[in-house]
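Take a look at the structure set out below.
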Amino acid sequence: MKNKEVADILSKVAALLEIKGDNPYRIRAYQRAAQVIESLSQDVEVLAQENKLEKLPGIGADLAGKIKEILQTGTLKLYEELKSEIPPVLLTFLEIPGLGPKKVKVLYEKLNILSLDELEKACKEHRLAKLPGFGIKTEENILKGIKLFKEKRGRRPLGEILPIAEEIVQTLKNISPVEQIAIAGSIRRRKETVKDIDVLITSQKPEQVMKKVTELPLVEEVIAFGETKTSVRLKIGVQMDIRVVAPDSWGAALAYFTGSKAHNIRIRELALEKGLKINEYGVYKGETKIAGKTEEEIYQVLGLPFIPPELREDRGEIEAALEGRLPKLVEYQEIKGDGHVHSKYSDGTASLPEIVQKAEAMGLEWVIVCDHSQGLKVAGGIPVEDLFKKKREIEEINKRSKKVKLIFGAEVDILSDGSLDYPDEVLKEIDFVIAAIHTGFQQSEEIITQRIISALKHPLVHAIAHPTGRVIGEREPYAINLLKVIEVAAQYQKALEINAYYKRLDLNDVNVRAAIEKGVPVIIGTDAHFIDQMDYIHLGTATARRGWCEKRHVLNTLSYSELISWLKRLRP
DNA sequence: GCCGTTTTCGGCCCGACTGTTTTCAGTCG
């Protein structure tokens, strides 16, 4: 899949055009095309071969041609030309908070600044303040921006920020006069990584709320302070935006601040076609406000059903809503089990009774206890003789435990030649075999893909764990042809995991969608090594929802007995 | 650059806050 590479070039073209000062709508067209290609669940190369690129929203004859050019030549003439006109190093300047395309252009043209160091030096020598539109404050802000840029860790995993955001909401509820309060933005959409925390509030006394916000102990710096909008930087290095609106604008504001930006733009265009205007305060027909109190209302006046936040990425959800084929997403409370938990038998820290207790507290019916296989010594892989001790303990526990059943599973290593880390006569005794790659990450795409495919074809394997091996912010996926893997999984009706650990979320949303479109069942597993990590199940469910999963696609919605029958197909 | 049961040309989402300005451009979400 070259989707990422194509999207990357298109988005760089957009940024270069911005600095050049080109037509903003042309820029938007490139940005949108980049986004459409990146979130595609199909292979852009296949679409190009079938001449279907122009069917994609926002892609016309010209962009289709440009995409083909990238696929054929690896680059784009326009891109190369722009790079010779505008030094690409300026693109990194755009990442500095406070610097946009206009100012970057001036810096380049008037001062010929071509590196971060030069920029820093020019600020300190007050050479910027003399430029039109610049001043002393601008220099200070750019210096601050450079510092933040240098120490920034980029987007942060949702699982890290969500609990903090929820705690802030709870605190604000307690200490300030808020009526309604909710987290919006990418956190509400449950995007796997987030850049900032958006909080929406209704209150009779906005100024008091805003004051309390700036006084929170977590706040490091106030970036902007207004009655309706306040921005602060938290000590953990994340920005938080707080918006206060009137109660009758709650729905409009919630929709607006939940985004995504691309979704909002489409929604507003749709409104314009109907002679309506939407902003964060409501939907207007001329001067008259006709909706705004609830989100449902907003969608309703546009003739649309409610679109769940997890779908709001302009990945076809608006078209689906218009045509009445929006998926009925799997619900968080429909999840009946956890497909992947480690115990003390390998490198987990929880005993089997502790797992049962936790599952019961969470309202789950079943947990598959998958420990590592014998070869993975660093992770305490279980030697064959101990496996049966674990099996007996599970049987004992299941006799006593009425509400929660444990399932005897194993996360079995796929060795570098594609064979499995237990012999068949052992695998046969294990009720759930999930195979995974933990070694040989550097192998070629062909070899890794083949390893996984041979595991999928193995008659005793039920599923593949964390299929791409990526770790968010730490490790890129290994080279893998996931589309081939999906095809084989579909053919053999084997499951692919949505690993719910907050740094994995693997498969990710786009890949989940690609899998279920081919008829591959998915199974959510937390990969918990500590008992509380079982709570990450909700992140896996969020990923399933972002991947357009309905209940029928997700094995975790099966009851214990239904799951056992699904597993037994391979254990006659 | 895209797009069309008001258009194949002339539109294209909308507003808050800051800083440099005396009325607004730039940035951001």
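Naming convention: chains lettered A, B, ... in sequence-line order (proteins, then strands); numbering from 1 in each chain.
- The side chain of A/Lys195 contributes no N or O atom lying less than 4.0 Å from OP1 or OP2 of B/dC28.
- A sub-4.0 Å separation between OP1 or OP2 of B/dT20 and a side-chain N or O of A/Thr138 is present.
- Regarding contacts with the backbone of B/dG1, every side-chain N or O of A/Tyr25 stays at 4.0 angstrom or more from both OP1 and OP2.
- Atom CG in A/Leu53 sits about 16 Å away from atom P in B/dG1, given to the nearest Å.
- In this structure, A/Phe257 atom CZ and B/dC14 atom C1' are separated by 10 Å, rounded to whole Å.
- For the pair A/Asn23 and B/dG1, the criterion of a side-chain N or O lying under 4.0 Å from OP1 or OP2 is not met.
- The side chain of A/Arg32 places no N or O atom within less than 4.0 Å of a non-bridging phosphate oxygen (OP1 or OP2) of B/dC12.
- Protein atom CG of A/Leu76 is 10 Å distant from nucleotide atom P of B/dG1, rounded to whole Å.
- A distance of 6.5 Å separates CD in A/Gln239 from CZ in A/Arg233, rounded to the nearest 0.5 Å.
- Distance CZ (A/Phe225) to P (B/dC28): 22 Å, rounded to an integer number of Å.
- Nucleotide B/dG15 has B/dC28 as its partner under the Watson-Crick or G-U criteria, with both atom distances under 3.5 Å.
- The pair A/Glu280-A/Arg243 counts as a salt bridge, with a side-chain nitrogen and a carboxylate oxygen less than 4.0 angstrom apart.
- A close approach under 4.0 Å does not occur between any side-chain nitrogen or oxygen of A/Lys105 and OP1 or OP2 of B/dG26.
- Contact between the side-chain N/O atoms of A/Thr228 and the OP1/OP2 oxygens of B/dC17 is found at a separation under 4.0 Å.
- At a cut-off of 3.5 angstrom, counting only N and O atoms as typed in the model, there is no donor on one side facing an acceptor on the other between the side-chain of A/Asn264 and the base of B/dG29.
- Between A/Tyr281 and the phosphate of B/dA16, there is a side-chain N or O to OP1/OP2 separation shorter than 4.0 Å.
- Computed from coordinates, the A/Leu270 CG to B/dC13 P distance equals 12 Å when rounded to whole Å.
- Atom pair A/Glu139:CD and B/dG19:P shows a separation of 13 Å (rounding to whole Å applied).
- Under 4.0 angstrom from either OP1 or OP2 of B/dG1 there lies at least one side-chain N or O belonging to A/Arg26.
- When rounded to the nearest whole Å, the span between CD of A/Glu319 and C1' of B/dC3 equals 13 Å.
- For the OP1/OP2 pair of B/dC2 and a distance below 4.0 Å, the side-chain nitrogens and oxygens of A/Lys55 include no atom meeting the criterion.
- Base orientation of B/dT7: syn, the glycosidic angle falling within 90° of 0.
- Residue A/Asp22 contributes atom CG, which lies 10 Å from atom C1' of B/dG1 at whole-angstrom precision.
- Under a cutoff of 6.0 Å and an axis angle of 45°, A/Arg312 and A/Phe306 form a cation-pi pair.
- Using a 4.0 Å cut-off between charged side-chain N and carboxylate O, A/Asp62 and A/Lys66 make a salt bridge.
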